[in-house]
Trainee: 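Quick one: the structure is below, and I'll ask about it shortly.
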Amino acid sequence: MSSTVDRQWTTRLRKRVEGTLPPEKLLPDTQPAYVASWIYVFGVLTLVAMAEVIGTGVILAIFGPQWWHVSSLGHFINSLHLWGVEVFFFAMIVHLWGKFAMAAWRGGRSLTWVTGAVTFLASILTAFTGYLSQTNFDSQWISTQAKDGINSTGGGAIFNVLNFGQMLMWHIVLMPLVLVALVGFHVILVRIKGVVPPIVENPEVGQ
Amino acid sequence: MSLDWGLGALINLNHPGHYIHWHVIDVSVANLAVMVLMVAAFVAALFLPFPGRKHRRGEEE
Ligand code: HEM
């Protein structure tokens, strides 16, 4: 008997979420023994670094360029933002190497790998627009070098690296939204599928 | 304005970067250092024991 209640989109969505990602899968109590290795720390380290970068970026946005160029506290927060990015890329690349070595795309996990790879590319674009948002001679130099490369592709018509307002908004609005959405999806996919079993111990997985 | 804490930076970075040129490879010392550290972290992550992991491979809980 399918009542109108069963056909409501709220009911259908809830049942679907309950089926694919029940709370005990989203926030599990235990993990398989092989997860007790430092290599699994790098995904979470990337996540923590990203949170730090967003947090310090919000502080930079509140007080603005004059503050981060001139005051010592501004310099300090600016440096935390930069070094957070260094840790973020460092951890992400070690994470990528680890997942590559585990062939962690096995067993229907290809979308996890692909969202990770797209996140990597999107992070590079975020960093590049960040260099253009510094408001110093470095960003001027980088933008005038980059324009020739971009213009040779024809992309300069819509993505103009000399347009400071556009670069700043990509850096502090669009790309953070894209990254948070991608990373959220990436981590949810990991929770839905569970951690990939080691290659030797479970040969029938994947292929 | 400088942060004059008497300590200064751990390494003085206030000069143009140093570069290594080797055939087609052209890399700054800073970037090379980061790459070496990433490889070191990767190898360390594989071999350093993880705290709380008591069982050797093959043993059951
Ligand atoms: C912002 C960047 C990223 C964040 C925050 C992130 C975060 C995470 C986290 C927290 C996990 C689960 C814990 C772990 O296994 O380490 C994970 C798993 C995974 N990541 Fe990433 N990741 C990022 C980028 C990437 C990249 C660049 C790739 C590869 C191209 C990738 C591929 C994977 C795969 C395949 C898994 C699943 C592992 C499994 O099922 O055992 N990730 N990621």
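So that the names make sense, note that chain A is the first sequence line, chain B the second, and so on, each numbered from 1.
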Trainee: Of the non-hydrogen atoms in B:Ala45 and A:Phe42, which two are nearest, and what is the gap between them?
Mentor: CB-CE1, 3.6 Å
Trainee: Below 4.5 Å, heavy atoms only, C-beta onward: do A:Ile93 and B:Phe42 meet side chain to side chain?
Mentor: no
Trainee: State whether the number of non-hydrogen atoms from other residues, nucleotides or ligands found under 6.0 Å of B:Met35 atom CE is greater than 12.
Mentor: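 Yes, enclosed.
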Trainee: For A:Phe159, does the CZ atom have more than 12 heavy-atom neighbours from other residues, nucleotides or ligands under 6.0 Å away?
Mentor: yes
Trainee: Check the surroundings of atom CH2 in A:Trp170: do more than 12 heavy atoms from other residues, nucleotides or ligands lie under 6.0 Å from it?
Mentor: no
Trainee: State, with a plain yes or no, whether a side-chain heavy atom of B:Phe50 is found less than 4.5 Å away from one of A:Val41.
Mentor: yes
Trainee: Would one find more than 12 heavy atoms of other residues, nucleotides or ligands at under 6.0 Å from atom CD1 of A:Ile158?
Mentor: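 Incorrect, the count does not exceed 12.
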Trainee: Any side-chain heavy-atom pair from B:Val34 and A:Phe89 closer than 4.5 angstrom?
Mentor: no
Trainee: Can you tell me if A:Asn136 has over 12 outside heavy atoms packed within less than 6.0 Å of its CG?
Mentor: yes
Trainee: Side chain, backbone, both or neither: which part of B:Leu48 has a heavy atom under 4.5 Å from chain A?
Mentor: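 Both parts, backbone and side chain.
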Trainee: Of the non-hydrogen atoms in A:Trp38 and B:Pro49, which two are nearest, and what is the gap between them?
Mentor: NE1-O, 3.1 Å
